[in-house]
Amino acid sequence: MKYYYVLQRAIPFLIIGLLFSCAQRKDVVYYQDIDAMTPQSNSSSYEIKIQQDDLLSIIVSAEDPEIAAPFNLSSVITQQSNNLNNVGGQMTMQLYLVDTQGNIEFPFLGKLKVSGLTRTEVMQMLHEKISTYIKNPIINLRIANFKVSIQGEVINPGSFPVNSERITLIEALALAGDLTIYGKRNNILIIRETNGVKSFNRVDITNAAFLNSPFYYLAQNDVVYVEPNKSRINAAAVGPNTGVIISISSLLITLITLIVSSSN
């Protein structure tokens, strides 16, 4: 009889143990087989392309600021008040919105097509056009609303602004605190919208070959989703019902014990 009591206590824990099996190395470790990869040139020339709904900060400078003024949007003063006796203002540069046709309305030059062009290409185009009116103009351009969103099995999901002109998938995941142990590293989803068309792309960061993937660098407004692995899905299903499962298992074993005892 004592064996049945031991079995009665052990089976619920065995059931739970089976549901939460240990993760294997191939499911967790990043950059596997990286030592076998052939070194390739650095992708330092990568540049994102400007898209619809981007907000652009474009500043034109010259030796004489007054000559450059017609080629800049006016600044606005935003009022800031700390208390009733201290009211101040801060200059805020207005931004260019890329419309649904991919154009911006530029002072003095009129409508310009910028979507599909890189930051460098837009700066070159502006330099050529403005050089007709200003000698040696200086063009400074940045995307003001560049952000990426990270969802799913990461430590800190959310939307993250990007101050530079590019960000890698690994850097973005690091901003979110990296993947949890329950995140599927071999099937990360990247949702990207280009000129109004969404694409859905899968990346395996356990395979070092992804370093040469077109999705190693993220584009503005990319959404990265880390899918939960089987253990996490099972935990979600079992978690609220663990007590019920243990109770049912205990009841079944008790019945089996009684039946075996009566037969003896």
Shortest non-hydrogen contact from N229 toward G183 = ND2-N, 4.4 Å
Distance-only side-chain donor-acceptor flag, T180 / E153, under 3.5 Å = yes
With a cutoff of under 4.5 Å between side-chain heavy atoms, which Ile, Leu, Val, Met, Phe, Trp and Tyr residues group with I155?
-> none
How would you list, by chain and number, every residue that makes a side-chain contact (heavy atoms from CB on, under 4.5 Å) with L97, sequence neighbours excluded?
-> L55
Kindly indicate whether the side chain of I104, heavy atoms from C-beta on, has any atom under 4.5 Å from the side chain of K111.
-> no
Hey, mind stepping through K147 and N221 against side-chain contact (heavy atoms from CB on, under 4.5 Å) and telling me if it holds?
-> CA-CA 5 Å; K147 72 178 188 303; N221 302 316; 3.0 Å; yes
Return the minimal non-hydrogen interatomic distance between A144 and L95, and the atom names on each side.
-> CB-CD1, 3.9 Å
Excluding sequence neighbours, so at least two apart, what forms salt bridge (charged side-chain N to carboxylate O under 4.0 Å, His left out) with E105?
-> none
same_hphob_cluster(V223, V203) at 4.5 Å side-chain heavy-atom cutoff = no
Does a side-chain heavy-atom distance below 4.5 Å link I205 with I188?
-> yes
Less than 4.5 Å apart, any side-chain heavy atom of P137 and any of S61?
-> no
Flag yes if I59 and I138 sit in one hydrophobic cluster, no otherwise; membership is Ile, Leu, Val, Met, Phe, Trp, Tyr, and two members link when side-chain heavy atoms are under 4.5 Å apart.
-> no
Do any N or O atoms from the side chain of N187 and from the backbone of K184 form a donor-acceptor pair under 3.5 angstrom?
-> no
With D222 via salt bridge (charged side-chain N to carboxylate O under 4.0 Å, His left out) - residues at least two apart = R192
Mind listing the closest non-hydrogen atom pair of V148 and A219 along with its distance?
-> CG1-O, 3.8 Å
Listed partners of E121 passing salt bridge (charged side-chain N to carboxylate O under 4.0 Å, His left out), at least two apart | none
Can you name the residues that form a salt bridge (charged side-chain N to carboxylate O under 4.0 Å, His left out) with K198, not counting sequence neighbours?
-> E193
What class does the angle between the rings of Y133 and F108 fall in, given that below 30° is parallel, 30 to 60° is tilted and above 60° is perpendicular?
-> perpendicular
Which distance, rounded to the nearest 0.5 Å, do you find between the CG of L141 and the OG1 of T118?
-> 10.0 Å
Full working for side-chain contact (heavy atoms from CB on, under 4.5 Å) between V224 and L173 | CA-CA 9 Å; V224 178; L173 292 173; 4.3 Å; yes
Hey, what do you get for CG (D54) to CZ (R119), rounding to the nearest 0.5 Å?
-> 13.5 Å
Indicate yes or no: at least one non-hydrogen side-chain atom of I58 is less than 4.5 angstrom from one of N140.
-> no
Under 3.5 Å, side chain of N145 to main-chain N/O of D53, donor-acceptor pair present?
-> yes
Check the pair N136 / E63 against side chain to side chain donor-acceptor pair (under 3.5 Å), numbers first and verdict last.
-> CA-CA 8 Å; N136 298 324; E63 293 180 1; 5.1 Å; no
Distance col, row N201:CG vs L189:CG, nearest 0.5 angstrom, shows 7.5 Å
Checking side-chain contact (heavy atoms from CB on, under 4.5 Å) for the pair I130/F106: CA distance, chi angles, key distance, verdict?
-> CA-CA 11 Å; I130 296 174; F106 200 84; 4.2 Å; yes
Minimum-distance pair of heavy atoms, taken over all atoms of A68 and I134 = CA-CD1, 3.8 Å
Between G152 and Y225, what is the shortest heavy-atom contact and its length?
-> CA-CE1, 3.8 Å
Consider only side-chain heavy atoms of I, L, V, M, F, W and Y, link residues closer than 4.5 Å, and tell whether I191 and F160 are in one cluster.
-> no
In Å and rounded to the nearest 0.5 Å, what is the OG to CZ distance from S164 to R142?
-> 9.5 Å
Look only at the side chain of N207 and the backbone of F210, and say whether a donor-acceptor pair between them is shorter than 3.5 Å.
-> no
Say whether, by atom type as modelled, one donor and one acceptor occur between the side chain of T194 and the main chain of V197 under 3.5 angstrom.
-> no
From CD1 (I48) to CD (E165), nearest 0.5 Å = 6.0 Å
Less than 4.5 Å apart, any side-chain heavy atom of F215 and any of L169?
-> no
Closest non-hydrogen atoms of S115 and Q101, given as atom of the first, atom of the second and distance, are OG-O, 4.3 Å
Kindly indicate whether the side chain of R202, heavy atoms from C-beta on, has any atom under 4.5 Å from the side chain of I190.
-> no
Is K113 atom NZ crowded by more than 12 heavy atoms from other residues, nucleotides or ligands, each under 6.0 Å away?
-> yes
To the nearest 0.5 Å, atom CD of E227 lies from atom CD of Q151 at 13.0 Å
Check: V60 main-chain N/O paired with N72 side-chain donor or acceptor under 3.5 Å | yes
Is any side-chain heavy atom of K49 closer than 4.5 Å to a side-chain heavy atom of L117?
-> no
Do D99 and Q52 come close enough that some side-chain heavy atom pair is under 4.5 Å?
-> no
Quick one: do V98 and Q51 satisfy side-chain contact (heavy atoms from CB on, under 4.5 Å)? Show the steps, please.
-> CA-CA 7 Å; V98 182; Q51 302 178 14; over 6 Å; no
